[in-house]
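Everything below concerns the one structure shown next.
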Amino acid sequence: MKIPVCRLADLPRGEAFRLESDPPIAVFHTDHGEVYAIDDTCTHQDAALSDGWLEGCEVECPLHASKFDLRTGGVDSPPAKRPVRTHRVLVEDGTVYVVPSDAAAESAAVRPDLPHPSPCAEVRRVEGRA
């Protein structure tokens with residue numbers, strides 16, 4: 001099931017949108033134009049990651065500065081130890097959609113001994129037909 005979030009034009013680069021779902025999902029539009037979605041709650045303490053600081057493909061929690069990789073959900077900087085769950089993002093006809101993941105966050109985390117995925121390249125853009 002895909003959930004409409006907003007128009008891509010209404011989500012400026014470098015900004016986030018909080019989708020009021022259960023649990024809440026944060027949708028980020030990076031400075032490079034990629035769009036990612038993760039659970040909006042920091043795994044260290046109850047703080048909205050959508051209120052955090054976005055740099056590249058990483059968001060810093062506004063409460064205690066834990067950092068999470070938007071591509072994998074993995075923790076890049078403590079005090080958080082557990083990853084956040086990632087969600088699939090689609091951009092169709094200028095609208096951003098999120099497909100919520102059923103997977104547990106732990107299964108989506110990247111092992112530290114493996115390389116990270118390629119930089120910020122998760123969005124699948126689908127152009128409509130005229």
Side-chain angles (χ1 to χ4, degrees):
M1 164 181 74
K2 67 182 181 181
I3 301 170
V5 177
C6 62
R7 291 181 329 131
L8 184 60
D10 294 335
L11 183 58
R13 289 181 182 206
E15 297 293 324
F17 179 87
R18 179 180 169 102
L19 180 61
E20 296 296 339
S21 55
D22 186 23
I25 295 173
V27 179
F28 296 91
H29 191 185
T30 71
D31 288 331
H32 297 291
E34 292 81 17
V35 183
Y36 295 96
I38 60 174
D39 281 351
D40 192 34
T41 306
C42 178
T43 58
H44 171 251
Q45 202 162 1
D46 192 21
L49 295 174
S50 57
D51 291 335
W53 295 274
L54 180 60
E55 186 172 333
C57 289
E58 197 173 62
V59 63
E60 182 178 319
C61 176
L63 198 55
H64 293 112
S66 292
K67 292 182 181 178
F68 297 90
D69 188 309
L70 298 176
R71 300 164 294 184
T72 66
V75 177
D76 286 347
S77 181
K81 295 179 181 169
R82 292 174 309 165
V84 291
R85 190 171 51 156
T86 60
H87 305 279
R88 188 168 160 222
V89 175
L90 302 171
V91 178
E92 297 177 355
D93 297 325
T95 300
V96 177
Y97 296 90
V98 169
V99 180
S101 173
D102 292 330
E106 287 78 13
S107 67
V110 170
R111 292 180 18 202
D113 58 328
L114 297 177
H116 280 291
S118 61
C120 296
E122 286 292 316
V123 171
R124 186 181 109 202
R125 298 190 192 285
V126 180
E127 297 300 325
R129 296 188 178 146

What one should report as the nearest heavy-atom pair of Asp76 and Glu58 is OD2-OE2, 2.7 Å
Here the gap from Phe28 atom CZ to Ile38 atom CD1, rounded to the nearest 0.5 Å, amounts to 4.5 Å
Correct closest heavy-atom pair for Ser50 and Ala26 would be CB-CB, 3.9 Å
Closest heavy-atom pair, Ser66 versus Ala80, reported as atoms and distance to 0.1 Å, is OG-N, 2.8 Å
Heavy-atom closest pair (Arg71 atom, Cys57 atom, distance to 0.1 Å) is NE-CB, 3.8 Å
Here the ring pair (Phe, Tyr, Trp, His ring centres under 6.0 Å) pairs for residues 37-73, sequence neighbours left out, are His44-His64
The reported gap from CZ in Arg13 to CG in Leu8 (rounded to nearest 0.5 angstrom) is 8.5 Å
Side-chain donor or acceptor of Asp39 paired with backbone N/O of Thr41 under 3.5 Å
no
Value for OG1 (Thr86) from CG (Leu70), rounded to nearest 0.5 Å, stands at 10.0 Å
Just wondering, do Pro100 and Ile3 contact through their side chains at under 4.5 Å, heavy atoms?
yes
Interatomic distance, CD@Gln45 vs SG@Cys61, rounded to 0.5 Å, equals 8.5 Å
Heavy atoms of Val99 and His87 approach each other most closely as O-CB, 3.7 Å
Applying side-chain contact (heavy atoms from CB on, under 4.5 Å) to Asp10 and not counting sequence neighbours gives Arg7
Distance col, row Glu55:CD vs Thr30:OG1, nearest 0.5 angstrom, shows 12.0 Å
List the atom pairs, donor and acceptor, that lie under 3.5 Å between side-chain atoms in residues 18-25 and the rest of the protein, sequence neighbours left out.
{"unit_1": "Arg18", "atom_1": "NE", "unit_2": "Glu20", "atom_2": "OE2", "d": "2.9"}
{"unit_1": "Arg18", "atom_1": "NH1", "unit_2": "Asp40", "atom_2": "OD2", "d": "2.4"}
{"unit_1": "Ser21", "atom_1": "OG", "unit_2": "Pro23", "atom_2": "O", "d": "2.7"}

Shortest non-hydrogen pair, Pro83 vs Thr43, comes out as O-CG2, 3.2 Å
Between the CG atom in Leu54 and the CG atom in Asp31, the distance rounded to the nearest 0.5 Å is 6.5 Å
Residue set satisfying side-chain contact (heavy atoms from CB on, under 4.5 Å) with Leu11, at least two apart, ordered chain then number -> Cys6, Glu15, Phe17, Val27, His29
